[in-house]
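Hydrogens, waters and symmetry mates are skipped; everything else that's a heavy atom, side chains included, is used.
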Amino acid sequence: MLRLLLILTVTLAASPALAGASAWQELLPGVMARLISTDVVTGGRLLAGFELDLPEGSKTYWRNPGETGIPPIFDFSTSSGLSNPAIAWPHPLAERDQGYLDYVYRGHLVLPLKVSVAGAAPSLGVKVTLGICSDVCVPATASFVLPLNLSRPDEGQGIRLEQAVADVPVPWDRPQPAL
């Protein structure tokens with residue numbers, strides 16, 4: 001009985017790594033990142049994401065980093081069975097530091113990714129370069145691979161990704177700027 005309980009515990013503990021999430025990687029001390037996925041294809045598209053956990057006092061930058069930031073770079077060329085990756089950028093914080101305006105993220109962040117599924121056995125691969133700042137700004141680079149299991153949805157990652165999509169501003173298609 002004890003052996004069965006031990007096997008069940010190990011299996012359940014390993015399950016999230018086998019489902020819709022890659023293993024966490026430490027980009028810099030205390031800065032963790034991974035890929036996540038709903039593992040559900042709707043209309044030929046899959047919702048995935050880049051999840052980043054920054055320690056207190058650290059920040060990274062939006063697609064337009066502002067006056068002093070380091071722009072993020074995402075290279076999806078190592079993906080297979082996927083095409084047309086598009087990042088949906090959540091609304092950043094506008095911060096003024098020493099007179100310079102930057103657009104940043106702090107704390108926990110999920111950047112939603114929408115990709116077209118174009119083949120069997122799809123795998124999401126990305127090389128990421130981010131500017132991570134606390135007292136000093138340092139470019140951090142890492143590579144991630146997430147084989148997608150499209151036979152079973154990952155509902156937990158689906159909830160996390162839907163929350164992230166809700167933080168993405170709606171497109172403004174009117175001639176006047178928004179107030």
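Residues Leu146 and Ser37 are in side-chain contact: their nearest non-hydrogen atoms beyond the backbone lie under 4.5 Å apart. With contacts defined as side-chain heavy-atom distances shorter than 4.5 Å, the pair Leu130/Tyr61 does not qualify. You'll find the side chain of Ile132 reaches within 4.5 Å of the side chain of Leu54, heavy atoms only. A 4.5 Å side-chain heavy-atom check between Phe50 and Pro72 finds every atom pair outside the cut-off. The shortest side-chain heavy-atom distance between Ser143 and Thr78 does not fall under the 4.5 Å cut-off. Counting heavy atoms from C-beta outward, Pro55 and Val31 have side chains that approach closer than 4.5 Å. Between Gln157 and Thr38, the closest side-chain pair of non-hydrogen atoms is not below 4.5 Å. Between Val168 and Pro112, the closest side-chain pair of non-hydrogen atoms falls below 4.5 Å.
Under a hydrophobic clustering in which Ile, Leu, Val, Met, Phe, Trp and Tyr are joined whenever their side-chain heavy atoms come within less than 4.5 Å, directly or via other members, Leu47 and Phe74 fall into different clusters. Residue Val128 is grouped with residue Leu148 when hydrophobic side chains (ILVMFWY) are merged at heavy-atom distances under 4.5 angstrom, including chains of intermediate members. Under the 4.5 Å side-chain heavy-atom criterion for Ile, Leu, Val, Met, Phe, Trp and Tyr, Leu52 and Leu124 are members of the same hydrophobic cluster.
The two residues Gly20 and Asp154 have their closest heavy-atom pair at N-OD2, 2.9 Å. Shown here for Ile36 and Ala21, the closest heavy-atom pair between the two residues is CG2-CB, 4.1 Å. Annotation for Ser83 and Ala118: closest pair OG-CB, 4.1 Å, computed over non-hydrogen atoms.
Counting only distance, with no hydrogens or angles, the side chain of Ser22 and the backbone of Leu35 share a donor-acceptor pair below 3.5 Å. The closest donor-acceptor contact from the side chain of Asp102 to the backbone of Thr68 lies under 3.5 Å. A donor-acceptor pair under 3.5 Å is absent between the side-chain atoms of Arg34 and the main chain of Gln25, judged by distance alone. When atom types are taken as modelled, the side chain of Glu67 and the backbone of Leu101 share a donor-acceptor pair closer than 3.5 angstrom. Put simply, the side chain of Ser80 never gets that close to the backbone of Pro122: no donor and acceptor are under 3.5 Å apart. With Thr60 contributing its side chain and Gly131 its backbone, the two residues share a donor-acceptor pair below 3.5 Å. Between the side chain of Tyr103 and the backbone N or O of Gly69, no donor-acceptor pair lies under 3.5 Å.
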Steps toward side chain to side chain contact (heavy atoms under 4.5 Å, CB included) verdict (Ile87, Arg63): CA-CA 10 Å; Ile87 299 172; Arg63 65 180 177 196; over 6 Å; no

Given side chain to side chain contact (heavy atoms under 4.5 Å, CB included), test Arg152 with Asp39 step by step and report yes or no. CA-CA 7 Å; Arg152 186 170 154 223; Asp39 285 343; over 6 Å; no

Criterion side chain to side chain contact (heavy atoms under 4.5 Å, CB included) on Leu82 and Val117, from CA distance to verdict: CA-CA 5 Å; Leu82 302 172; Val117 178; 4.0 Å; yes

What's the verdict on side chain to side chain contact (heavy atoms under 4.5 Å, CB included) for Trp62 and Leu93, showing C-alpha distance, side-chain angles and the deciding distance? CA-CA 9 Å; Trp62 187 49; Leu93 300 169; over 6 Å; no

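Interatomic distance, CD of Glu95 versus NZ of Lys59, reported as 5.5 Å (0.5 Å rounding). Atoms CG and CZ, from Leu27 and Phe144 in turn, are 5.0 Å apart once rounded to the nearest 0.5 Å. Atom CG of Leu109 and atom CG of Leu111 lie 4.5 Å apart (nearest 0.5 Å). Rounding to the nearest 0.5 Å gives a distance of 10.0 Å between CZ of Arg45 and CG of Leu113. Separation of atoms OG1 (Thr141) and CD1 (Ile73) is listed at 8.0 Å; rounding is to 0.5 Å.
Using a 3.5 Å distance cut-off with no hydrogens or angles, the side chains of Ser58 and Ser134 do not pair a donor with an acceptor.
No more than 12 heavy atoms of other residues, nucleotides or ligands shown are found within 6.0 angstrom of CD on Glu155. Annotation: His108, atom NE2; neighbour count of heavy atoms from other residues, nucleotides and ligands within 6.0 Å is above 12.
By the 4.5 Å side-chain criterion applied to Ile, Leu, Val, Met, Phe, Trp and Tyr, Trp24 is assigned to a cluster that also includes Met32.
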